[in-house]
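Below is one structure; the comments refer to it alone.
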Amino acid sequence: MTDAADAVLDLLLENARYTTTDIARMTGLDEPSVSETIQSLEDEGVIRGYRAVVDWSEADRERVQAEVEVNVTLDRETGYEDVAERLVEFDEVTSLRLVSGDYDFDMEVEADSMRDVSAFVSEQVAPMPAVDGTVTHLVMASYKEGGMEMDDDDDDRLSVSP
Amino acid sequence: MTGHSDRVDRVPPSGIRRFFELTEEVDDVISLGVGEPDFAAPRPARDAAIEGLERGRTSYTANRGMAELRELVAEDYARFGPTYDPGSEVLVTTGVSEAVDVGVRALVDAGESVAVAQPAYVSYVPCVRFAGAEVVDVHTRRADGFRLTPEALRAAGADEAEALILCYPNNPTGAVMDRDELAEVAAFARDHDLTVISDEVYADLRYDGDHVSVASLPGMRERTVVLGGFSKAYAMTGLRLGYALGPEEAVAAMTKVHQYVMLSAPTPAQHAGIEALRSCRPDLEEMRERYDRRRRFVLSRLDGIGIDCFEARGAFYVFPECPADDAGAFAEELLREAGVAVVPGGVFGDAGEGHLRMSYAAGMDDLREAMDRIESFLG
Ligand SMILES: Cc1ncc(COP(=O)(O)O)c(C=O)c1O
């Protein structure tokens with residue numbers, strides 16, 4: 001990656017809503033190069049999208065999150081990719097990663113209620129032929145999401161100091 | 001009680017304090033008036049202080065500071081050239097604040113005069129007055145990028161002074177000085193036999209190259225006391241830790257004052273300082289990079305708004321020209337009507353009149369909102 005792409009990416013990771021103009025100001029690049037850089041990061045698939053980081057405990061809407069460990073058994077016709085392809089199609093699945101260790105997939109699930117989460121896991125995921133077993137961990141509290149801390153960091157500095 | 005001393009009387013009430021009180025009266029203020037980092041001290045440094053406390057390390061240390069800290073300070077400063085003997089040429093103080101006070105008292109006699117390059121950090125002039133000495137105001141100018149020049153020193157009559165206090169990277173202007181520029185000041189100091197007190201608390205917050213130590217210039221080490229600290233670079237303001245480096249005699253004199261008025265710098269802070277120097281340079285660099293982005297952002301926004309500002313290249317302040325004649329009145333109006341606190345430059349000496357100090361030790365969201373508010377206030 002070029003230095004410019006690196007700098008732009010760092011800033012978008014910090015806050016995807018920085019405008020092209022703001023990024024140009026912060027990096028010293030000109031606006032057209034910032035736009036081009038973002039465009040190519042998107043075109044190359046480095047940047048897949050932008051979404052809000054939500055603290056559901058603060059929202060009026062109920063939203064239940066769970067971490068699901070998924071174990072699979074592979075055979076000649078079915079590989080990890082095949083299982084993953086099916087799982088990612090569900091809207092309930094917010095992230096899916098193949099991981100090393102005791103289980104195969106680390107799957108994050110979100111739904112409107114606890115019942116929806118468990119129904120989804122037991123009716124959609126567990127019955128899949130390749131799936132051996134699942135362990136569901138309901139999220140009880142979230143302290144950091146997408147790199148952002150969920151508590152309000154209050155500034156205890158004096159408002160004016162020398 | 002019969003009132004207070006003339007020395008205290010001669011020092012006017014703090015302009016910062018007045019502005020702080022005003023700011024507290026207004027709701028929903030975004031403050032660009034803060035002279036300290038918006039980061040917490042790096043975790044390992046905090047942990048070291050905690051560990052010291054857990055182990056009951058709550059006694060005084062040697063007057064000069066813990067030996068290990070003095071060694072690390074000397075080693076750290078050697079990056080800039082001059083080397084100091086940790087045993088006799090380093091004094092650990094309770095912040096640079098104490099070092100300024102002790103420095104002036106140890107090096108200057110009552111009735112002598114001290115040249116102070118201004119606009120300047122608010123404590124130099126009062127410390128000189130508390131020591132019973134006279135202040136020679138040396139005005140640096142926007143036209144010179146707020147650098148100190150021999151012309152300015154001469155114009156102020158600084159050749160008659162005993163000592164000179166300067167600070168680069170500078171609070172409040174963000175100005176820095178490079179080797180050739182400092183060389184002219186150094187020549188002046190040598191020609192007129194001035195002791196130099198160089199406040200380098202922002203040495204690590206330079207954005208365009210390396211800090212230059214006055215003491216690294218020929219013939220300067222023997223007449224310079226360098227003051228440095230942990231408050232800015234390591235975001236350790238509340239821990240109160242700084243140091244002085246200088247020739248043995250000067251440091252011995254300072255230590256004599258320090259041992260009676262302070263005894264030793266806070267012990268938990270010294271533990272934190274040791275860890276900061278041992279392992280927290282990456283934290284410092286990360287913070288510096290963030291400041292630098294904000295610096296560029298603020299300078300670029302001010303330029304877009306049409307506020308004239310010279311390019312600050314150090315510390316975490318910009319010092320734009322005030323769009324109105326009376327910076328004090330403007331800052332007050334900006335505070336009350338737009339909810340943005342900035343500090344009028346006159347607080348930092350007459351040489352700062354007509355300017356505003358804006359600190360970018362604030363989060364990006366606040367900086368953006370503050371700039372938006374200033375823009376619509378002026379629009
Ligand atoms: C130029 C300058 N010197 C000294 C200080 C005080 O530093 P310390 O916290 O080490 O006492 C400050 C703090 O704002 C400063 O800006």
Side-chain angles (χ1 to χ4, degrees), chain A residues 1-38 41 46-47 50-55 58-59 142-162, chain B residues 14-26 29-40 97 120-123 171-172 207 235 237-238 289-290 292-304 331 335 341-344 347-348 357 359 361-368 371:
Chain A
M1 219 181 297
T2 62
D3 284 351
D6 224 21
V8 170
L9 192 57
D10 275 345
L11 286 170
L12 288 173
L13 281 167
E14 184 177 289
N15 184 349
R17 294 195 63 187
Y18 283 147
T19 62
T20 316
T21 322
D22 287 349
I23 294 174
R25 294 184 197 280
M26 284 185 269
T27 54
L29 297 166
D30 57 31
E31 279 191 58
S33 1
V34 173
S35 302
E36 273 165 42
T37 306
I38 296 175
L41 286 166
V46 176
I47 292 178
Y50 308 87
R51 62 193 288 264
V53 178
V54 176
D55 184 349
E58 295 291 329
S142 178
Y143 301 100
K144 197 170 186 182
E145 296 280 342
M148 320 213 72
E149 290 182 38
M150 296 286 113
D151 67 342
D152 295 312
D153 219 2
D154 48 22
D155 190 341
D156 54 6
R157 297 177 299 163
L158 295 177
S159 56
V160 179
S161 55
Chain B
S14 154
I16 289 277
R17 173 97 217 149
R18 197 184 88 79
F19 226 76
F20 166 70
E21 281 161 6
L22 275 179
T23 303
E24 292 295 291
E25 288 169 18
V26 183
V29 173
I30 297 181
S31 183
L32 305 185
V34 188
E36 61 176 323
D38 59 318
F39 303 105
S97 300
Y121 180 58
V122 298
S123 85
N171 177 8
Y207 306 106
T237 42
E289 194 174 316
R290 284 166 161 250
D292 191 22
R293 278 189 213 149
R294 298 162 176 186
R295 178 184 72 97
R296 283 193 290 245
F297 175 79
V298 169
L299 286 170
S300 155
R301 279 301 300 266
L302 291 174
D303 184 48
L335 172 66
V342 299
V343 182
V347 162
F348 305 96
R357 188 193 74 172
S359 158
M364 269 306 298
D365 289 344
D366 279 350
L367 290 175
R368 187 166 357 137
M371 291 300 142

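All chains are named by letter (A, B, ...) in the order of the sequence lines, taking the proteins before the strands, and each is independently numbered beginning at 1.
Taking all atoms of both residues into account, the shortest heavy-atom contact from B:Phe19 to A:Val160 is O-CG2, 4.0 Å. Shown here for A:Ser159 and B:Thr23, the closest heavy-atom pair between the two residues is OG-CG2, 3.5 Å. Looking at every heavy atom in both residues, B:Gly35 comes nearest to A:Ser161 through N-OG, 2.9 Å.
There is no contact between B:Ala40 and chain A, counting heavy-atom distances below 4.5 Å. Looking at B:Arg18, neither its backbone nor its side chain comes within 4.5 Å of chain A, counting heavy atoms on both sides. The contact between B:Asp38 and chain A is made by backbone and side chain atoms together, counting heavy-atom distances below 4.5 Å. Heavy atoms of B:Arg301 lying under 4.5 Å from chain A belong to its backbone as well as its side chain. Proximity to chain A is limited to the side chain of B:Val122, based on heavy atoms less than 4.5 angstrom apart.
More than 12 heavy atoms of other shown residues, nucleotides or ligands fall within 6.0 angstrom of atom OH in A:Tyr50. Remark: A:Asp3 CG is loosely packed, at most 12 non-hydrogen atoms of other residues, nucleotides or ligands lying under 6.0 Å away. Dense packing is recorded around CD of A:Glu31, with more than 12 heavy atoms of other residues, nucleotides or ligands lying under 6.0 Å away. Around the CG atom of A:Asp151, the shell of radius 6.0 Å holds more than 12 heavy atoms that belong to other residues, nucleotides or ligands.
Panel note: side chain B:Arg357, backbone A:Pro162; a donor-acceptor pair is recorded below 3.5 Å. Side-chain atoms of B:Arg296 come within 3.5 Å of backbone atoms of A:Met26 as a donor-acceptor pair (strictly under, hydrogens ignored). Counting only distance, with no hydrogens or angles, the side chain of A:Arg157 and the backbone of B:Val34 share no donor-acceptor pair below 3.5 Å.
Highest contact tally toward chain A, considering only B:Met364, B:Arg17, B:Arg294, B:Arg295, is held by B:Met364 [criterion: heavy-atom pairs under 4.5 Å]. When the candidates A:Asp22, A:Asp155, A:Leu11, A:Thr21 are compared by the number of heavy-atom contacts under 4.5 Å with chain B, A:Asp22 comes out ahead.
Between A:Asn15 and B:Arg368, some side-chain heavy-atom pair lies under the 4.5 Å cut-off.
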Q.
Could you go through A:Glu14 and B:Arg290, starting from their C-alpha distance and side-chain angles, then the distance that decides it, and tell me whether this counts as side-chain contact (heavy atoms from CB on, under 4.5 Å)?
A. CA-CA 11 Å; A:Glu14 184 177 289; B:Arg290 284 166 161 250; 3.8 Å; yes
